[in-house]
There are 2 protein chains.
Amino acid sequence: MSRVTIADVASAAGVSKTAVSFAFNNPERLGQATLERVLGVAHDLGYTPHPAARALSMRRSGTIGLLIPQSLSMVFANPFLGELIQGLGELCEEHDLTLLLVPPLDGSLEGAIRQAAVDGFISLGLVPDDRAIEVLDGLGVPTVLIDSDESPAHPVVNVDDRSGAQAAATHLLELGHRQLAIVVLPPARAEMSYTPTATRRLAGYNVAIEAAGAPTPHLVSAGISVAAGTRAFESLPSGKRRPTGVLVMSDMAAIGVINAANAAGIRVPEDLSVVGFDDLPVAPWTNPPLTTVRQPIVEKGRLAASMLIERMKGKSVASPAPLSTTLVVRASTAEVAATDLPIKRR
Amino acid sequence: MSRVTIADVASAAGVSKTAVSFAFNNPERLGQATLERVLGVAHDLGYTPHPAARALSMRRSGTIGLLIPQSLSMVFANPFLGELIQGLGELCEEHDLTLLLVPPLDGSLEGAIRQAAVDGFISLGLVPDDRAIEVLDGLGVPTVLIDSDESPAHPVVNVDDRSGAQAAATHLLELGHRQLAIVVLPPARAEMSYTPTATRRLAGYNVAIEAAGAPTPHLVSAGISVAAGTRAFESLPSGKRRPTGVLVMSDMAAIGVINAANAAGIRVPEDLSVVGFDDLPVAPWTNPPLTTVRQPIVEKGRLAASMLIERMKGKSVASPAPLSTTLVVRASTAEVAATDLPIKRR
DNA sequence: CCGCTTTACTAAAGCGGTTTTTGGGGCCTC
DNA sequence: GAGGCCCCAAAAACCGCTTTAGTAAAGCGG
């Protein structure tokens, strides 16, 4: 009961393999009668070209790979990826492409890359000189980077993390907050330093804080899950050094912070202001609704996919300007409480 | 600057292609010295076996396909899929597999299937006699069905939709609601009837309603997005025939219903009780927190993936019993208001 | 009826690997 | 010193498809 091959169809229809192949890919090169006969026989036999054989022969698999630096269960816990895929998906479907999710296999992204039969890669959060990207380059597979550093070798799609972060910090400072904490995104892979995204956001926060002459904020690193946000809250200083405002680099972690605060009897926003980052669809529904920095995630995916598709056609594309971010003020931020005002401390 | 092939490595190392292949796949068949030399040369040249060629030759691609009946942008708007992929992903990574998302291409799932070089398929929400599944069978690719009907030909992973739905309806009825509406999941594909899931949930709702002798509920069909829920609410009867309780087959749509109700000045749960289905992570954060039926989505993915992997090894696996569902009561449901009590109408 | 182009189809050479089979020494054994 | 074994490595077949180059027959103007 093995698979029906092109040779089976050919002999059943009394023609050559070539004719069968033409029937599907080059019908105008066949006579009307033969064409119909071949197609008929192929259909009766339930013939489908073997995708791998086709890919090998045509040097094209009809698939693009999404390079994910962490495990799938980790990264899909954050709706961010779902949003991104919505954007990628639109373009993929438009161009008859399927999307392969490529997480590290056996701890190694490079190994996973080698195994992936794709026409192009979209990399998420990897710096251009990551080993994995170098492997990609060696292979000559077109690649587009999302949330990375500027690179001469690759087109890169970014948002204006810095301005967004700066706006978030400024917002808190204008509400009178001085004692701030920052919840930083963790490195994509254990041995690395901050992700490019985290670095830019951190810079944005700090610009505003320094400009306002506020004290150096307390830094905590936390994953992108609600649970990680909870842990981050618990590691914040308490007592009189407790921050009155927290800048969180991810909405999911921000939700964790809010939950943990509520559980600890600290009211948001009365006792603690929280600002997220992303503006995920859940942001308006949290309790209280989350003040956050909006970034156009779906658009990011769409743009990256369209650029990759251009590259796959052999055209060269330039990195676009970073997409703009905007602060969305909801109810998780408020003026600092009177008792927390710096003036009280004098 | 074309790709480095096995032949390049072979000639550079002064050996045959066989030796190079053995160096990677069968190292013990090579002498120590040759092995090291070949591996060294391969590394220097940056050689990586061509995945498609490898797949063709080995009859194995190291990829499993997730068959998605709708467009990616549609289906990823619901966190359900992200949850499911968390479960699938765990098993994939454990077994060094990557995950290919296969939505309909050019409107045709079958076409997309043919193009996908995978070792097995997981199908979401398709009935066993769907054309797409038939194509799969013809190909002899192992397949596991999620959210489908019982099938002798395929293992299928389901949850106990019926009991869950029945519990949800019973809950509302016990709170005194009589005038109910049901928001049904739409067919997976335009030409089809209700999905297996929708059918089972509907049956569960109806069992409870009939047992309580309540009037026939109003039926509305709506997609799985918030916006669809909003539209569903707007098409509910108003005036004295307005339902006091709504049973929604998806949390996202339930959120839309709540939003729309709030916007229309109808309070949840005082004026309207809403029950969802899924218990997505957002359910506790909605305003008010959503009463809903919990189904173990991640577990569903895990189970389906592990079954598929067994099948891919040639073992045959039986469909497990439906995973259990439980009603989670939160704040979106309450006793029917006095003015709505049937007794008032007499 | 001859040479030329078209039309309709086929043979064979890839695509880049894996795997089965074959063969060439070197070392033992009797 | 011939035969037998083992160890390594190479040759060749194969996976299933596409595509180039080529051929036989048909069409056609003169």
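Below, chains carry the letters A, B, ... as their sequence lines are ordered, and counting in each starts from 1.
- Rounding to whole angstrom units, CZ of residue A/Arg60 and P of C/dG14 are separated by 24 Å.
- When the nearest nucleotides of DNA chain D are assigned to A/His50 and B/Glu28 by heavy-atom distance, the more 5′-ward of the two goes with B/Glu28.
- Ranking D/dT18, C/dG17, D/dA10 by closeness to the A/Ser21 side chain, first place goes to D/dT18.
- In this structure, CZ of B/Arg59 is placed 8 Å from C1' of D/dC14, rounded to the nearest angstrom.
- Between the side chain of B/Arg131 and the main chain of B/Leu109, no donor-acceptor pair closer than 3.5 Å is present.
- Side-chain contact of B/Gln86 with B/Glu90: a donor-acceptor pair under 3.5 Å is absent, judged by distance alone.
- At the phosphate of D/dG16, neither OP1 nor OP2 sits under 4.0 Å from any side-chain N or O atom of A/Thr5.
- Atom CG in B/Asn26 sits about 15 Å away from atom P in D/dC7, given to the nearest Å.
- For the pairing with B/Leu88, the side chain to side chain contact (heavy atoms under 4.5 Å, CB included) check across B/Ile64, B/Leu66, B/Leu81 returns one residue only, B/Leu66.
- Taking atom CG on A/Asn25 and atom C1' on D/dT19, their separation rounds to 10 Å, with Å as the unit.
- Among the heavy atoms of the strands lying under 4.0 Å from A/Leu30 are primed sugar atoms or P, OP1, OP2 only; no base atom is included.
- Contact annotation: the side chain of A/Val41 never approaches that of A/Val15 to less than 4.5 Å [non-hydrogen atoms, C-beta and beyond].
- Rounded to whole Å, atom C1' of D/dA9 lies 13 Å from atom CG of B/Leu35.
- The distance from atom NZ of B/Lys17 to atom C1' of C/dT18 is 9 Å, rounded to the nearest whole Å.
- For B/Tyr47 and C/dG16, the shortest distance from a side-chain N or O to OP1 or OP2 is not below 4.0 Å.
- The pairing partner recorded for D/dG27 is C/dC4, the criterion being a Watson-Crick or G-U wobble arrangement whose two distances lie under 3.5 angstrom.
- Contact annotation for B/Val20: no contact, since no heavy-atom pair falls under 4.0 Å across all strands.
- Listed candidates were D/dT19, C/dT18, D/dG16. Nearest to the side chain of A/Ala53 is D/dG16.
- Across all strands shown, B/Val38 has no heavy atoms under 4.0 Å from either base or sugar-phosphate atoms.
- A donor-acceptor contact shorter than 3.5 Å is absent between the side chain of A/Asn158 and the backbone of A/Asp149.
- If you check C/dT19, C/dG16, C/dC9 against the side chain of A/Thr34, the one that comes closest is C/dC9.
- Protein atom CG of B/Asp8 is 10 Å distant from nucleotide atom C1' of C/dG16, rounded to whole Å.
- Checked by atom type and distance alone, the side chain of B/Arg54 never pairs as donor or acceptor with a backbone atom of A/Gln115 at under 3.5 Å.
- Closest approach to the B/Met58 side chain among C/dT18, C/dC9, D/dC15 is made by C/dT18 (side chain taken as heavy atoms from C-beta onward).
- Contact annotation: B/Arg54 side-chain N/O to C/dT18 OP1/OP2 distance is under 4.0 Å.
- Proximity note for B/Ser57 (side chain, C-beta onward) versus C/dT18, D/dA21, C/dT19: the nearest is C/dT18.
- When each of D/dA10, D/dT20, D/dC17 is scored by its nearest atom to the side-chain atoms of B/Arg29, the top-ranked nucleotide is D/dA10.
- Between the CZ atom of A/Phe22 and the P atom of D/dT19 there is a distance of 8 Å, given to the nearest Å.
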